[in-house]
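In what follows, every chain begins at residue 1, and chains take the letters A, B, ... in the order their sequences are listed.
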Amino acid sequence: MTHDDTPGTLHNTDQLLQRHENLRALARLGVALFPHRFDRTHTVAQLVHTYGETPKAELERQPIQVAASGRILGIRSFGKASFLVLSDGEARIQIYVRQDSLPELDFGIYKLLDLGDFVGVHGRLFRTKTNELTIWAARLEFLAKCLIPLPEKWHGLTDIELRYRQRYLDLIVNPGSRKVFRTRSRILAAIRQFLDARGYLEVETPMMQPIAGGALARPFVTHHNALDIDLYLRVAPELYLKRLTVGGLERVYEINRNFRNEGISTEHNPEFTMLEFYQAYSDYRDLMTMTEELISDVSRASIGTEQIAYHDHAISLRPPYRRLALRQAVRHAASERLGREVGDGELRSRESAAALAARLGIEIGPDDGPGTITTVLFEHLVEHSLVEPTFVYDFPTEVSPLSKQRDDDPDTVERFELFIGGMEIANAFSELNDPAEQRRRFEQQLRNRQRGDLEAHAMDEDYIRALEYGLPPTGGEGVGIDRLVMLLTASYSIRDVILFPLLKPKRDP
RNA sequence: GGGCCGGUAGCUCAGCGGUAGAGCAUCGGACUUUUAAUCCGAGGGUCGAGGGUUCGAUUCCCUCCCGGCUCACCA
């Protein structure tokens, strides 16, 4: 047996050889093996949409000639006649091929077709005796060969690794996967429509940054050869977007990738898509209201409802959403655990907060301050129970170096996160616009970095200078698009909503 | 990185100390309105890799590779 030299397909030689032989046989018939184009009158989806309900008698009274093209995903052969299933990736229609209706050459082409081949067909629409809309083929054109057999028609492709590594196969054979990515596209379109209608300007800011700022996260490092400098892939666009607000762009948004050099999980991909938007003259209260509208609008526009199901929970995305002060939520949960009333004061000093964590059996870092400890307690005690849409607001200043403090409580900033289905979906705050205070916050971050906190924020002198020119009162927010898509498509892994999630490269066999 | 589960035909999966099975797909045959078409026949596997135990390993043991879930970190 000879070996095909296509990498990764060495164990599949029989079927590969057969398909290559069919291609050579087409050449012997004088058929172009890689033709350049095909004029179609309809996509398959258009045919199904337009004529899906047209009665049989009407199709017979007024014959409709069509030309359609797509991939052959089914062949039911009866010798001198056959039914082909033609797919355009969105819909399927049946083709009826019979020897006495086609030119000899075209029937010869039909006999050499393999599952997965692309064809173009000319013919008239009719309904079979089982009333299925079908194209009665008068001509059949070969358009492209599928040289490798497709996964099985009934179970599709279930191997999760193959679905991610060879997403094209997943998309060919798994309609559910195609639907997820169509919905993702609709979600993005709906978000843009929502923001555009409110006077927002869509912008693009650097993905490669000399200082990786705007979030507490470890960045990827890369190198620019001509300038001989290291650059960071951005962890957030935040500081650039606020520079634009300084520049007079009062409402801006960006939808693009962020990169964080951290672990991979069902909720984390190293590159992920984030919506960030900034609105001058607004604070975090305004953004809560706007977020409710955004989420419910986008849900209706993309999936047609505000009622979703996620992990066996029925969730309503209809506003208003529950609002929960972070320290109160932690106190409440801790009180229940410990069977006594936990006071606000216990979260305000390092000693008492650390003692509380110890009594709850929750591990904290040696350098964690009371604000960090409070946040850790929240993540352990509360976060995953937040299934219904919930705004958690008023975070410790210590964990929020870019947020504005409350006037009545400098240890607390005007910040909220939105949780749905136990996942953090959005993070927003009233932007800190006092340059002196921002400098103090950055300096504190530098001290954290010196103590070994790899996620601590870097000093950004130009950003402080921008604030010195004056940033109006501004509310800003980030929305995790992948997670929003997960919610709206009932996907339980972020890899199911990212076309090409990061995988460890496969070694060559 | 830790824990648990998995890797057998192109795909979906059984089998589990005695040299490997099914369905779909493929090949040959029959069939001019089928719907996972049907019927008859055939071919197809270094059972993830390497080592060990054994008369004999796909099966048991060890190591490694790959993946999934989960915990930790994070959005």
Legend entry - Close residues, residues 95-102 of chain A, relative to RNA chain B [heavy-atom separation under 4.0 Å]: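 Listed by number, they are Tyr96(A), Arg98(A), Asp100(A).
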Legend entry - Positions of residues 110-129 of chain A (non-hydrogen atom under 4.0 Å from RNA chain B), listed by number: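 Those residues whose heavy atoms fall under 4.0 Å from RNA chain B, taken from residues 110-129 of chain A in numerical order, are Leu115(A), Phe126(A), Thr128(A), Lys129(A).
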Between [M] and [N] - [atom1] atom distance, rounded Å:
| N | M | atom1 | answer |
| --- | --- | --- | --- |
| rG48(B) | rA20(B) | P | 14 Å |
| rC65(B) | rA49(B) | C1' | 7 Å |
| rA37(B) | rU32(B) | C1' | 14 Å |
| rA9(B) | rG1(B) | P | 28 Å |
| rU70(B) | rG10(B) | P | 31 Å |
| rC11(B) | rG44(B) | C1' | 14 Å |
| rU33(B) | rG28(B) | P | 22 Å |
| rC55(B) | rG6(B) | C1' | 32 Å |

Inset, instruction - Kindly confirm whether the side-chain ring of Phe83(A) is stacked on the base of rU34(B), judged by centres under 5.5 Å and planes under 30°. - result: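 Ring-base stacking flag set for Phe83(A) and rU34(B).
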How many whole angstroms separate atom [atom1] of [X] from atom [atom2] of [N]?
| X | N | atom1 | atom2 | answer |
| --- | --- | --- | --- | --- |
| His384(A) | rC73(B) | NE2 | C1' | 12 Å |
| Phe78(A) | rG29(B) | CZ | P | 17 Å |
| Lys56(A) | rU33(B) | NZ | P | 12 Å |
| Ile264(A) | rC71(B) | CD1 | P | 16 Å |
| Glu152(A) | rU26(B) | CD | P | 11 Å |
| Trp154(A) | rA25(B) | CH2 | P | 13 Å |
| Leu133(A) | rU33(B) | CG | P | 18 Å |
| His20(A) | rC27(B) | NE2 | P | 15 Å |

Reckon [X] touches a base, only the sugar-phosphate, or nothing at all at heavy-atom distances under 4.0 Å?
| X | answer |
| --- | --- |
| Gly480(A) | nothing |
| Asn269(A) | base |
| Gly156(A) | sugar-phosphate |
| Ile425(A) | nothing |

Return the nearest nucleotide to the side chain of [X]; candidates are [options].
| X | options | value |
| --- | --- | --- |
| Gln18(A) | rA72(B), rC11(B), rC27(B) | rC27(B) |
| Glu161(A) | rA72(B), rC24(B), rG67(B) | rG67(B) |
| Ser493(A) | rU12(B), rG67(B), rC69(B) | rC69(B) |
| Gln94(A) | rC27(B), rG67(B), rU34(B) | rU34(B) |

Can a side-chain donor-acceptor contact be found between [Y] and [X] if the only test is distance below 3.5 angstrom?
| X | Y | value |
| --- | --- | --- |
| Asp394(A) | Thr412(A) | no |
| Ser400(A) | Arg415(A) | yes |
| Gln94(A) | Arg76(A) | yes |
| Thr205(A) | Arg234(A) | yes |
| Thr273(A) | Arg184(A) | yes |
| Thr474(A) | Gln279(A) | no |

Inset, instruction - For Ala212(A) and Pro219(A), work out which heavy atoms get closest and say how close. - result: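 Result for this residue pair: CB-CB, 3.7 Å.
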May I ask you to evaluate whether [X] reaches the phosphate of [N], defined as a side-chain N or O under 4.0 Å from OP1 or OP2?
| X | N | value |
| --- | --- | --- |
| Lys153(A) | rC11(B) | no |
| Ser77(A) | rU32(B) | no |
| Arg76(A) | rU34(B) | no |
| Gln15(A) | rG10(B) | no |

Mate of [N] where both pairing distances stay under 3.5 Å, Watson-Crick or G-U:
| N | result |
| --- | --- |
| rU59(B) | none |
| rA42(B) | rU26(B) |
| rG67(B) | rC5(B) |
| rU53(B) | none |

Inset, instruction - Identify the residue among Lys145(A), Arg19(A), Gln18(A), Gln15(A) that makes a side-chain hydrogen bond (donor to acceptor under 3.5 Å, both in side chains) with Asp114(A). - result: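 Option passing the side-chain hydrogen bond (donor to acceptor under 3.5 Å, both in side chains) with Asp114(A): Lys145(A).
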Inset, instruction - Identify, between His380(A) and Glu271(A), the residue whose nearest nucleotide on RNA chain B lies closer to the 5' end. - result: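 Its nucleotide being nearer the 5' end, the pick is His380(A).
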Legend entry - Whichever of Pro151(A) and Thr134(A) has its nearest RNA chain B nucleotide further upstream toward 5':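 Checking each residue's closest nucleotide, the 5'-ward one belongs to Pro151(A).
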Legend entry - Basic-acidic side-chain contact under 4.0 Å: Lys242(A), Glu431(A):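 Yes, charged N to carboxylate O under 4.0 Å.
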Legend entry - Electrostatic pair Arg257(A)-Glu271(A), nearest N-O below 4.0 angstrom: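 So Arg257(A) pairs with Glu271(A) through a salt bridge.
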Legend entry - Presence of donor-acceptor pair under 3.5 Å, side chain of Glu132(A) and base of rU34(B):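 Answer no: no donor N or O sits under 3.5 Å from an acceptor.
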Legend entry - Phe277(A)-Phe194(A) aromatic ring centre distance below 6.0 Å: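 For Phe277(A) and Phe194(A), the ring centres are not under 6.0 Å apart.
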Inset, instruction - Would you please indicate yes or no on a ring centroid separation below 6.0 angstrom for Phe220(A) and Tyr232(A)? - result: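 No.
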Legend entry - Residues in ring-ring contact (aromatic ring centres under 6.0 Å, His included) contact with Tyr321(A), at least two apart in sequence or another chain: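 Scan of Tyr321(A) (ring-ring contact (aromatic ring centres under 6.0 Å, His included), adjacent residues dropped) gives Phe391(A).
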